[in-house]
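The chain is numbered in sequence order, starting from 1.
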Amino acid sequence: MFSAFFRSLKQEFAGYNSKKLLADMMAGLTVCAVALPLALAFGVSSGASAASGLVTAIIAGVVIAILGGASYQISGPTGAMSAVLVGIVAEYGLQGVFFACFAAGVLLLLAGVFKLGRLISFIPMPVIMGFTSGIAIIIAMGQIDNFFGTVSEGGSNLEKIASYGRLGFHPNMQAVLIGLLVVLVMVFWPKKWGARVPGSLVGIILATIVATVAGMDQLAVVGDIPKTLRLSLGGLSFTMLENLISPIVTIAALGMIESLLCGASASRMKGEAFNADQELIAQGVGNILLPLFGGVPATAAIARTSVAVKSGQQTRLTSVFHSLFLLASMFLLGGVMARLP
């Protein structure tokens, strides 16, 4: 298995030169522009923090890319995973997420070692489409409080919505206006411009400027962004294993499905072979390491991967550069990102 991996690496970097290096750097910068708002948003929507999403994107973008089963995969926090994690956070807290991520990483690693990557081909397309649509609904339901600036109670989205009947539904008009501004920018931003500068990033920048200039002091903000990546072993508690078996299996299955579907789709886009079993090994190693740095589970992301391919990506260094640019953003723009609505 490893000999095949090193042969593919040798083939991938054959004839690598300064021109290809520049192409990887520019593609990495473009992917970073897409990944930055997604990392912040999915960190928040998972029930963790924007900082956790950013840390996840940085570490996954390096570790999983280097060990991955193709040159083009870009991994990080995703919407589908966030929808699963928010329930775990509500019941077990972040410590539960960290342990579930670690254990799911072990399962993914074993799945790759035992060559289970081919199982993805047996999942019917209607199941995949239904799953994706369901995830979209769950994410939308989970962001009602953030969009309207309201307060709810409950462990699930349905419980939170039901609690409005008891607590009342009192929208914060500042939050609604800022939310609508970002939505409108994303919807009407020209596609030809979006290939280089994504509408989501433009929306976030405009929203921050408007909120600052207008003195909107009733908005919740992202909060502190870390200036370092610290290794910490204190977040794992093996006493949680029995209670978290179901979430662990769910995270591992979701990581497997998302990563392999993304790889198969991008493989057709680029006309390049995809090693599913090697990708599972990479996803396993990445998710074992992520909770040690305070990150949440990661998978390959079709949005970032497709942007990489369309931006002239040459090798897996595109993902590494995207992580380096995110890291630079964390150090240089942490104060600005902390004030994002």
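Every residue meeting the salt bridge (charged side-chain N to carboxylate O under 4.0 Å, His left out) condition with E272, not counting sequence neighbours, appears here in chain and number order: K270. Residues meeting the side chain to side chain donor-acceptor pair (under 3.5 Å) test with R316, sequence neighbours left out: E12. For Q218, the side chain to side chain donor-acceptor pair (under 3.5 Å) criterion is met by no residue, not counting sequence neighbours. Considering only residues two or more places apart in sequence or on other chains, A282 meets the side chain to side chain contact (heavy atoms under 4.5 Å, CB included) condition with I64, L67. For P37, the side chain to side chain contact (heavy atoms under 4.5 Å, CB included) partners at least two apart in sequence or on another chain are S200, L201, I204. Residues satisfying the side chain to side chain donor-acceptor pair (under 3.5 Å) test with S329, not counting sequence neighbours, are none. Take S49 and apply the side chain to side chain donor-acceptor pair (under 3.5 Å) test, not counting sequence neighbours, and it matches S52.
Pairs engaging residues 75-84 under the salt bridge (Lys or Arg N to Asp or Glu O under 4.0 Å) rule: none recorded [sequence neighbours left out]. For residues 19-48, the set of pairs meeting the salt bridge (Lys or Arg N to Asp or Glu O under 4.0 Å) definition, not counting sequence neighbours, is empty. Applying the salt bridge (Lys or Arg N to Asp or Glu O under 4.0 Å) rule to pairs touching residues 163-181 yields E153-R166, sequence neighbours excluded.
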For residues 81-90, please give each side-chain donor-acceptor pair under 3.5 Å, one per line with the distance, not counting sequence neighbours.
| from | atom 1 | to | atom 2 | distance (Å) |
| --- | --- | --- | --- | --- |
| S82 | OG | F42 | O | 3.2 |
| S82 | OG | T78 | O | 2.9 |

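Summarising the hydrophobic clusters (Ile, Leu, Val, Met, Phe, Trp, Tyr; side-chain heavy atoms under 4.5 Å, direct or chained), the residues clustered with M186 are V182.
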